[in-house]
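A quick write-up on the structure given underneath.
We count ligands from 1, going down the list as the structure has it; atoms in each ligand are counted the same way. Scope of the values below: all heavy atoms of this structure, side chains included, with no hydrogens, waters or symmetry mates.
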Amino acid sequence: MPELMVNIDHVATLREARGIHYPDPVFAAGIAEMAGASGIIIHLREDRRHIKDRDLVILREVVRTKLNLEMAATPEMTKIASEIKPDMITLVPEKRQELTTEGGLDVVRFTAKIEKVISAMRKKGIAVSLFIDPVETQIKAAARIGANMIEVHTGTYSDARTAKDRTAELKKVVKATRMGKELGLGVNAGHGLHYHNVREIAVIPGIDELSIGHSIIARAVFVGLDRAVRDMLELIKTGNG
Ligand code: PXP
């Protein structure tokens with residue numbers, strides 16, 4: 001059964017809607033951990049639109065499970081990760097205008113840039129995951145350049161409009177997971193997962209962690225974060241019998 005990693009970016013989005021000091025993502029991390037999350041994820045974006053450097057520093061101190069820093073493969077972020085030392089990083093593509101991460105990293109095209117980050121992280125003992133589409137060439141490239149893990153992008157699966165498209169996308173995620181495992185990689189999955197589409201992904205053999213943010217924080221508005229995390233954990237568990 002995969003572990004649940006909770007992305008708390010959107011607690012910070014709510015804070016930044018007013019530019020004040022609450023709600024604090026640091027509190028969200030504690031509640032998510034107490035509810036059973038196996039780890040906390042934050043994305044420190046170049047434009048700092050939600051998570052701030054201060055959040056990362058404090059979360060590094062208080063997170064007792066596992067802290068996964070999503071970041072772009074830039075010298076600035078590499079320096080920050082090297083100093084703060086999250087337990088792991090996930091490299092994601094980043095465009096300024098996007099609402100959220102819009103697709104997997106092109107490991108084939110940006111091999112040299114990504115290798116540089118992997119090498120810097122290895123020196124600090126920080127594991128590296130690459131967020132990629134469920135595409136054979138990308139998975140092979142991730143393994144070849146020494147990533148520890150991949151995170152399979154489930155956004156296209158989540159966005160599929162028809163049952164046929166959904167099944168086709170699900171098959172790609174299953175195949176990518178199998179291939180990642182065969183190549184000795186850890187395999188995580190995430191993006192766009194919610195309470196009505198998570199089970200199909202949670203039962204795929206070999207997935208180590210699910211990275212889920214928006215749907216959990218959205219539900220938390222109505223039922224509280226503790227309950228929202230527990231509800232998601234229950235679905236992951238029941239999906240697995
Ligand atoms: N994985 C990655 C790499 C992401 O960038 C995000 C969004 O920040 C997620 C997972 C979580 O996606 P969602 O918020 O749709 O659950």
Side-chain angles (χ1 to χ4, degrees), residues 2-14 16 25 28-29 32 37-51 55-56 59 66-74 77 81 86 88-107 114 117 127-135 138 142 147-160 169 173 176-177 180 186-202 207-221 225 228-229 231-233 235-236:
E3 299 197 338
L4 174 62
M5 306 284 290
V6 177
N7 180 315
I8 57 172
D9 289 350
H10 295 309
V11 175
T13 301
L14 194 54
E16 296 311 314
S38 296
I40 301 298
I41 305 180
I42 50 172
H43 184 178
L44 185 66
R45 298 184 74 102
E46 186 193 10
D47 61 9
R48 309 298 199 270
R49 70 168 74 149
H50 40 49
I51 293 293
D55 301 326
L56 172 61
L59 285 164
K66 181 152 82 167
L67 183 64
N68 178 354
L69 175 66
E70 276 183 25
M71 55 179 246
T74 61
M77 287 300 153
M88 62 180 279
I89 63 159
T90 300
L91 292 179
V92 298
E94 205 177 286
K95 290 188 223 118
R96 264 172 204 251
Q97 303 309 325
E98 68 190 359
L99 282 178
T100 179
T101 312
E102 281 171 354
L105 197 62
D106 191 341
V107 187
I114 297 167
V117 184
V128 179
S129 177
L130 305 181
F131 180 62
I132 55 174
D133 293 325
V135 171
Q138 297 294 341
N148 304 90
M149 290 161 262
I150 54 171
E151 179 181 332
V152 180
H153 180 215
T154 52
T156 315
Y157 158 77
S158 301
D159 291 341
E169 291 305 322
V173 179
T177 304
V187 179
N188 305 329
H191 210 280
L193 297 179
H194 55 66
Y195 294 83
H196 302 285
N197 69 10
V198 73
R199 274 169 150 165
E200 292 85 342
I201 297 289
I207 294 192
D208 299 305
E209 294 172 359
L210 295 178
S211 164
I212 309 180
H214 185 266
S215 61
I216 293 177
I217 304 306
R219 178 174 285 221
V221 171
L225 185 55
V229 171
D231 286 351
M232 187 57 83
L233 280 168
L235 284 171
I236 295 170

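- Using a 4.0 Å heavy-atom cutoff, Glu151 is listed among the residues neighbouring ligand 1.
- Across Val107 and Gln138, no two heavy atoms sit closer than the pair N-OE1, 2.7 Å.
- Atoms of ligand 1 lying under 4.0 Å from at least one heavy atom of Ile212, given by number and element, are 16 (O).
- Considering all non-hydrogen atoms of both residues, Ala189 and Ile207 come closest at CB-CD1, 3.9 Å.
- Taking all atoms of both residues into account, the shortest heavy-atom contact from Ser129 to Asn188 is OG-ND2, 4.1 Å.
- Residue Ile132 holds its CD1 atom at 11.5 Å from CG of Leu91, rounded to the nearest 0.5 Å.
- Heavy-atom contacts of Asn7 reach the following atoms of ligand 1: 8 (O) (cutoff under 4.0 Å).
- Applying the side-chain contact (heavy atoms from CB on, under 4.5 Å) rule to Asn68 yields the partners Met5, Ile41, Met88, Thr90; only residues at least two apart in sequence or on another chain are considered.
- The ligand atoms of ligand 1 that sit less than 4.0 angstrom from a heavy atom of Ser211 are 1 (N), 9 (C), 10 (C), 11 (C).
- Residue contacts with ligand 1, taken as heavy atom pairs separated by less than 4.0 Å, do not involve His153 at all.
- On a distance-only criterion, His214 and ligand 1 share at least one N/O pair closer than 3.5 Å.
- Under the 30°/60° scheme for interplanar angles, the aromatic rings of His191 and Phe131 are found to be tilted.
- When the side-chain contact (heavy atoms from CB on, under 4.5 Å) test is applied to Ala12, the partners found at least two apart in sequence or on another chain are Arg15, Pro25, His50, Ile51.
- The nearest non-hydrogen atom to atom 16 (O) of ligand 1, considering only Ser158, Gly190, Gly213, comes from Gly213.
- Taking any N or O of Ser215, backbone or side chain, none lies under 3.5 Å from an N or O belonging to ligand 1.
- Inclusion of His10 in the set of residues having an N or O under 3.5 Å from an N or O of ligand 1 is not warranted.
- Of all the heavy atoms of His191, the ones lying under 4.0 Å from any atom of ligand 1 are found in both the backbone and the side chain.
- Looking at ligand 1, you won't find any N or O of Val92 less than 3.5 Å from one of its N or O atoms.
- Ile236 CD1 to Arg199 CZ: the interatomic distance, rounded to the nearest 0.5 Å, is 11.0 Å.
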